[in-house]
Amino acid sequence: MDHRLKKEKQFSYVYRRGKKNHTDHLTLFSVESKFRNYRIGYAISKKIGKANKRNKLKRRLREIVRKSEWPKNFHNYVIVAKVGATEIEYKDLQKQVKNLFDKANQK
RNA sequence: UCAGUCAAACUUGUGGUCGCGGUUUGCUUGUAAAAGCAAAAUGAGGAAAGUCCGGGCAUCAAAAGACGGAGUGCCGGCUAACGACCGGUGGAGGCGACUCUAAGGAAAGUGCAACAGAAAUAAACCGCCCGCAAGGGUAAGGAUGGAAAGGUGAGGCAAGAGCUUACCGGAAAGGUGGAAACAUCUUUCGUCACUGUAAACCCCACUCGAUGCAAGUUUAAGCGAAGACAAUGUGCUGUCUUUCACGUCUUCCAAAAGCAACGCUUGAGCCUAUUGGCAACAUUAGGCCUAGAUAGAUGACCACAUGACACAGAACUCGGCUUAUGUUUGACUGAAUUU
RNA sequence: GGAGACGUAUCGAAGUGGUCGCAACGAGCUUGACUCGAAAUCAAGUUGUCGGUUUACCCCGGCACGUGGGUUCGAAUCCCACCGUCUCCG
């Protein structure tokens, strides 16, 4: 099952309709999906860093989501990185992601 | 020991747990295309970057020439090619190791040289000298400037001046060395005036068709419709000509927008040795196959090695350049101290 | 991935070798006039920073046209290398 969000149309739909949640270094957009599946896209702009740093951040986020044990609703998500997200520790990042999903799933 | 110059190498490794990309093999499902599971080996760089040069490759039907435009610019070599590289020459810098150098032509022509200064490529303001004066001689000294008709000393003169002479510089001719750039020597020239700028136009020599893998090909399906110009037409996209080829272009509709494939990785490839060459590089022999993604594959955790900590991520591909950056090693130079 | 363009006061923008950019011109800002008050209009002024001088202002000088080199007597302008911003493509 493919959990990736790929098309630019899908991203802009989530930005437009999604609910926002923030932490210090991340923003999560979430919106209900019509499929019985969840999909996540990662948006990391050029402001964040050079290509290798952006790549690494994306991998870490993907790893965190893969290993996570909290329940995921059938939503479409977009995780947007803020400036400074490449500098923080893996465990710190993990906490922030968990926090975001907890908030999003409560509502 | 301190300060410095040049060159070279490496860019974690091994084992374990979970996870990702393509490849191969096996099994399962499926009419097929393909999908799923398992195993194995394998999976970013020295700069992958900037895109500053040069090739391969692809398309423009094929080919040749002229003009325009762009680039290069001491000499020779190397190369697929280059503005790169190697060796040498001249010049500049450094005590030195060594480094830097867009380094053809200003006597083919044109342009420009503000301000200052008497005068800017042309000479006479102040001055000096002759002369009663008119006028004439002169360019030593003055001031300006980036630049003022070789420089310094001596002689000479009415005062001066290559006017004469010594040295330095310059030009021409010839000899010698060198493959050449050039070096060096000899002789002659004082009629030895002709500044700078070509990273101003330009001249000379050499090179270059244009567009870039988002090139382009296939799946692919329409002898669709309308219009324009039609052999005086169209054709490699700066312009033109010749050969040559052929109908060409625009709009609309249908289909398609890649969550399809090919291009896409075996290549001027890498490693080791040999031979030629001062070297760049080339020859020969043997061995090796080493990423091909498409929202874009390498991450997380643990152990050991003192311990993994800089810059940084392939996107058709190769040769350079430039910029960013960690560690280590070698050779050499200068200074100080000790033996 | 590839191909291009542009960086000059607070902002837009001219200048494309020569008396320091009196930084043109426009907008903005400040002050004054007009008005009961404001807007509009009219007039005047207005780059930054460092140093000197000064209680302070005035005044004087240096550096700045994205940054750093080079060519030239002289560079915002010509050449080279970097930095930043923006646009285009099947």
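So that the names make sense, note that chain A is the first sequence line, chain B the second, and so on, each numbered from 1.
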Task: In B:G238, glycosidic geometry as syn within 90° of 0 or anti otherwise - done: anti
Open item on the list: Show the nearest heavy-atom pair for residues A:S30 and A:H75, with the distance to one decimal.
Closed with: CB-CD2, 4.2 Å
Task: Base-pair map of RNA chain C as dot-bracket, where | denotes pairing with a different strand and pairs are Watson-Crick or G-U under 3.5 Å - done: ((((((((.[[[..)..(......]]]((((((.......)))))).(((((......)))))..[[[[[..)....]]]]]))))))).
Look for any protein N or O under 3.5 Å of an N or O in nucleotides 300-303 of chain B and output each such pair with its distance, or none.
unit_1, atom_1, unit_2, atom_2, d
B:A300, OP1, A:R60, NE, 3.1
B:A300, OP1, A:R60, NH2, 2.9

Rounded distance [0.5 Å steps], [atom1] in [X] versus [atom2] in [Y]:
X     : Y      : atom1 : atom2 : answer
A:L61 : A:I79  : CG    : CD1   : 5.5 Å
A:N21 : A:L100 : CG    : CG    : 6.0 Å
A:R60 : A:Q94  : CZ    : CD    : 10.5 Å
A:I44 : A:K56  : CD1   : NZ    : 13.0 Å

For the [atom1] atoms, the ones on [N] and on [M], what distance do you get once it is rounded to whole angstrom?
N      : M      : atom1 : result
B:G269 : B:A291 : C1'   : 15 Å
B:G216 : B:U234 : P     : 24 Å
B:C262 : B:U23  : P     : 9 Å
B:C194 : B:A181 : P     : 27 Å
B:A47  : B:C86  : P     : 15 Å
B:C332 : B:C53  : P     : 42 Å

Open item on the list: Side chains of A:F101 and A:I64, heavy atoms from C-beta outward: is any pair under 4.5 Å?
Closed with: no
TODO: Using side chain to side chain donor-acceptor pair (under 3.5 Å) as the criterion, list what pairs up with A:T23, not counting sequence neighbours.
DONE: A:Q96
Task: Test side chain to side chain donor-acceptor pair (under 3.5 Å) applied to A:K50 - qualifying residues, sequence neighbours left out - done: none
Task: Touch class at under 4.0 angstrom, heavy-atom based, for A:R54 against every strand present - done: nothing
Task: Set of residues satisfying side chain to side chain contact (heavy atoms under 4.5 Å, CB included) with respect to A:K53, sequence neighbours excluded - done: A:T86, A:E87
Open item on the list: Does a side-chain N or O of A:K53 approach OP1 or OP2 of B:C311 to a distance below 4.0 Å, or not?
Closed with: no
Open item on the list: In this structure, how many angstroms lie between the P atom of B:C20 and the OH atom of A:Y42, rounded?
Closed with: 13 Å
Sort me out a list of protein N/O and nucleotides 43-49 of chain B N/O pairs below 3.5 Å, or just none if empty.
none

Open item on the list: If you assign A:K58 and A:K50 each to the RNA chain B nucleotide with the nearest heavy atom, which residue ends up on the more 5' nucleotide?
Closed with: A:K58
Open item on the list: Pick the closest RNA chain B nucleotide for A:A51 and for A:A43 by heavy atoms, then say which residue is nearer the 5' end.
Closed with: A:A43
Open item on the list: Walk me through whether A:L57 and A:L93 qualify under side-chain contact (heavy atoms from CB on, under 4.5 Å).
Closed with: CA-CA 10 Å; A:L57 181 62; A:L93 205 63; 4.0 Å; yes
